[in-house]
*Asks:* 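Before anything else, here's the structure in question.
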Protein chains: 2
Amino acid sequence: MKRQRQAEQMTVLREMLDLRGAHFTRQRAAVFDYLNRVDHHPTAEEVFLAVKQGLPRISLATVYKNLEALVGCGAASKLTYGDGAARYDVRTDHHYHTRCLKCGRITDLEPEAGKQLLKLIKPPRGFKVEDYHLEVLGYCKSCS
Amino acid sequence: MKRQRQAEQMTVLREMLDLRGAHFTRQRAAVFDYLNRVDHHPTAEEVFLAVKQGLPRISLATVYKNLEALVGCGAASKLTYGDGAARYDVRTDHHYHTRCLKCGRITDLEPEAGKQLLKLIKPPRGFKVEDYHLEVLGYCKSCS
DNA sequence: ATTCTTGCAAAAGATTTGCAAACAA
DNA sequence: TTGTTTGCAAATCTTTTGCAAGAAT
């Protein structure tokens with residue numbers, strides 16, 4: 001059933017890419033697959049090192065291009081913090097997470113609060129809301 | 001009264017720096033003063049170009065060092081997004097803002113919602129909350 | 001006097017780009 | 001076939017660092 005799920009995800013990915021006129025490639029699939037497997041939000045470098053196991057000739061530039069392509073077609077999202085490198089995630093619908101100030105690990109928060117949160121937000125007149133992002137900073141269990 | 005306010009701010013800055021064993025310098029004061037004047041959240045480059053008007057010999061590295069010093073003593077805060085460069089702000093108590101996806105301009109949101117927001121946040125067990133950050137993404141009046 | 005800061009140039013880290021060959025549609 | 005992607009190297013952009021001279025405490 002794990003395999004079937006993966007196959008479904010790849011079909012969905014194919015469609016999402018197709019809508020943007022982008023091709024489905026082994027490298028792209030590998031990057032997407034890795035993002036689906038990990039439980040945290042890796043940097044491009046991390047993705048590169050992991051995907052290289054299966055595709056030894058892949059380059060870091062290709063990983064960057066593919067992460068960009070995945071974000072572009074909506075299959076992944078980019079999370080940027082002050083720690084140098086950007087992080088990537090397959091989920092585009094999670095806007096709530098915690099980030100450890102020591103180890104940098106990111107974990108998702110319950111999305112329940114989101115609905116209520118939206119009611120509280122009062123953007124300035126004329127501002128067209130497209131998305132929102134809530135980040136809770138602190139120290140995780142193993143770092144505190 | 002504008003001048004007096006500036007003088008007060010500088011006195012406060014002196015104290016904040018002193019607590020960390022940091023010196024008060026013309027360059028540092030100029031960077032801090034600029035952050036106090038602007039209505040948006042500039043990048044280090046922007047600060048550099050602006051401060052250079054009054055201190056033509058200042059270097060970009062000095063601006064970076066001073067922004068870091070200001071953040072270190074609590075006189076400023078650093079805001080990091082996916083658009084390449086970090087942005088800085090004198091206020092350290094504003095965690096709610098909007099960011100335009102087109103021009104990158106950042107404006108503050110009413111902090112009222114913060115109190116209620118905190119009640120909604122349920123971090124994982126063992127996570128020690130230090131800070132939080134809410135960002136609303138979209139298009140500002142002039143860009144939409 | 002001692003310690004910190006400046007300015008410069010060089011270095012480092014992350015990400016992007018140009019291009020010819022390879023691949024997907 | 002046509003347009004996109006790959007891999008490589010070089011380039012770019014942001015930020016940091018080493019160091020001697022200068023400024024603040």
Side-chain angles (χ1 to χ4, degrees), chain A residues 10-11 13-33 41-49 51-73 75-88 104, chain B residues 10-11 13-33 41-49 51-73 75-88 104:
Chain A
M10 288 304 161
T11 301
L13 175 59
R14 268 201 143 86
E15 289 166 357
M16 296 182 86
L17 288 168
D18 206 40
L19 286 171
R20 315 278 283 205
H23 291 184
F24 179 93
T25 66
R26 277 179 307 143
Q27 292 87 338
R28 200 156 281 176
V31 167
F32 182 66
D33 186 49
H41 305 165
T43 61
E45 183 79 27
E46 273 177 76
V47 175
F48 171 61
L49 292 174
V51 167
K52 201 149 91 148
Q53 304 297 101
L55 296 169
R57 293 189 51 75
I58 197 171
S59 73
L60 181 54
T62 296
V63 170
Y64 271 107
K65 285 168 187 166
N66 283 333
L67 286 169
E68 183 60 30
L70 292 178
V71 171
C73 80
S77 54
K78 185 179 183 179
L79 310 171
T80 311
Y81 309 104
D83 58 342
R87 291 163 181 281
Y88 296 86
Chain B
M10 289 303 160
T11 302
L13 175 59
R14 267 200 145 88
E15 290 165 357
M16 296 182 86
L17 288 168
D18 205 41
L19 286 170
R20 314 279 282 205
H23 292 184
F24 180 92
T25 66
R26 277 179 307 142
Q27 292 86 338
R28 199 156 282 174
V31 168
F32 182 66
D33 186 49
H41 305 165
T43 62
E45 183 78 27
E46 273 176 78
V47 174
F48 171 61
L49 292 174
V51 167
K52 201 149 90 149
Q53 302 299 100
L55 296 169
R57 293 189 52 76
I58 197 170
S59 74
L60 180 55
T62 296
V63 170
Y64 271 107
K65 285 168 186 165
N66 282 333
L67 287 169
E68 182 60 30
L70 293 177
V71 171
C73 78
S77 56
K78 185 179 183 178
L79 311 171
T80 311
Y81 309 104
D83 59 342
R87 289 163 183 281
Y88 297 85

*Asks:* For B:H23 and for B:Y88, find the nucleotide of DNA chain D with the closest heavy atom, then tell me which residue's nucleotide is more 5'.
*Replies:* B:Y88

*Asks:* Closest to the B:R28 side chain: C:dT15, D:dT16, C:dT6?
*Replies:* C:dT6

*Asks:* Taking all atoms of both residues into account, what is the closest heavy-atom pair of B:A29 and B:L13, and its distance?
*Replies:* CA-CD2, 4.4 Å

*Asks:* Categorize A:A61 for me: base, sugar-phosphate, or nothing, with a 4.0 angstrom heavy-atom threshold over every strand shown.
*Replies:* base

*Asks:* How long is the line joining CG of B:L19 and P of D:dT25, in whole Å?
*Replies:* 14 Å

*Asks:* Which listed nucleotide (D:dC19, C:dT15, C:dT17) is nearest to the side chain of A:A44?
*Replies:* C:dT15

*Asks:* Taking atom C1' of C:dC23 as reference, at what distance in whole Å does atom CD of A:Q27 sit?
*Replies:* 9 Å

*Asks:* OP1 or OP2 of C:dC4 sitting under 4.0 Å from any side-chain N/O of B:T25?
*Replies:* no

*Asks:* Rounded to the nearest Å, what distance is computed from the OH atom of residue A:Y64 to the P atom of nucleotide C:dT15?
*Replies:* 3 Å

*Asks:* Would you mind classifying the nucleic acid contact of B:A22 as base, sugar-phosphate or nothing, using non-hydrogen atoms under 4.0 angstrom?
*Replies:* sugar-phosphate

*Asks:* Under 4.0 Å, heavy atoms only, any strand: does B:R57 hit a base, just the sugar-phosphate, or nothing?
*Replies:* sugar-phosphate

*Asks:* Check the phosphate of D:dG7 against A:T62, side-chain N and O only, distance under 4.0 Å to OP1 or OP2. Yes or no?
*Replies:* yes

*Asks:* Verify side chain to side chain contact (heavy atoms under 4.5 Å, CB included) between B:R87 and B:E46, making sure each step is shown before the conclusion.
*Replies:* CA-CA 9 Å; B:R87 289 163 183 281; B:E46 273 176 78; 4.1 Å; yes

*Asks:* Measure the distance from CD on A:E68 to P on D:dT6 and round it to the nearest whole Å.
*Replies:* 13 Å

*Asks:* How close or far is atom C1' of D:dG22 from atom CZ of B:R26, stated in whole angstroms?
*Replies:* 11 Å

*Asks:* Does some side-chain heavy atom of B:V51 sit less than 4.5 Å from a side-chain heavy atom of B:D33?
*Replies:* no

*Asks:* Can you check whether B:R20 has a side-chain N or O nearer than 4.0 Å to OP1 or OP2 of C:dC4?
*Replies:* no

*Asks:* Nearest-nucleotide wise, let me know which of B:A86 and A:F24 is further upstream toward the 5' end of DNA chain D.
*Replies:* A:F24

*Asks:* Quickly work out the B:L60 CG to D:dT16 C1' distance and round it to whole Å.
*Replies:* 11 Å

*Asks:* Is a donor-acceptor pair below 3.5 Å formed from side chain B:K52 to base C:dG7, judging by atom type as modelled?
*Replies:* no

*Asks:* If you find the nucleotide of DNA chain C closest to A:T43 and the one closest to B:L55, which residue's nucleotide is nearer the 5' end?
*Replies:* B:L55

*Asks:* Report the distance from atom CG of B:N66 to atom C1' of D:dT16, rounded to the nearest whole Å.
*Replies:* 14 Å

*Asks:* Quick one: A:D18 CG to C:dA24 P, roughly how many Å, whole number?
*Replies:* 15 Å

*Asks:* With the side chain counted from C-beta on, respond yes when B:L67 and B:V63 share a heavy-atom pair under 4.5 Å apart, and no when they do not.
*Replies:* yes

*Asks:* Is there a side-chain contact between A:L55 and A:Q27, using heavy atoms and a 4.5 Å cut-off?
*Replies:* yes

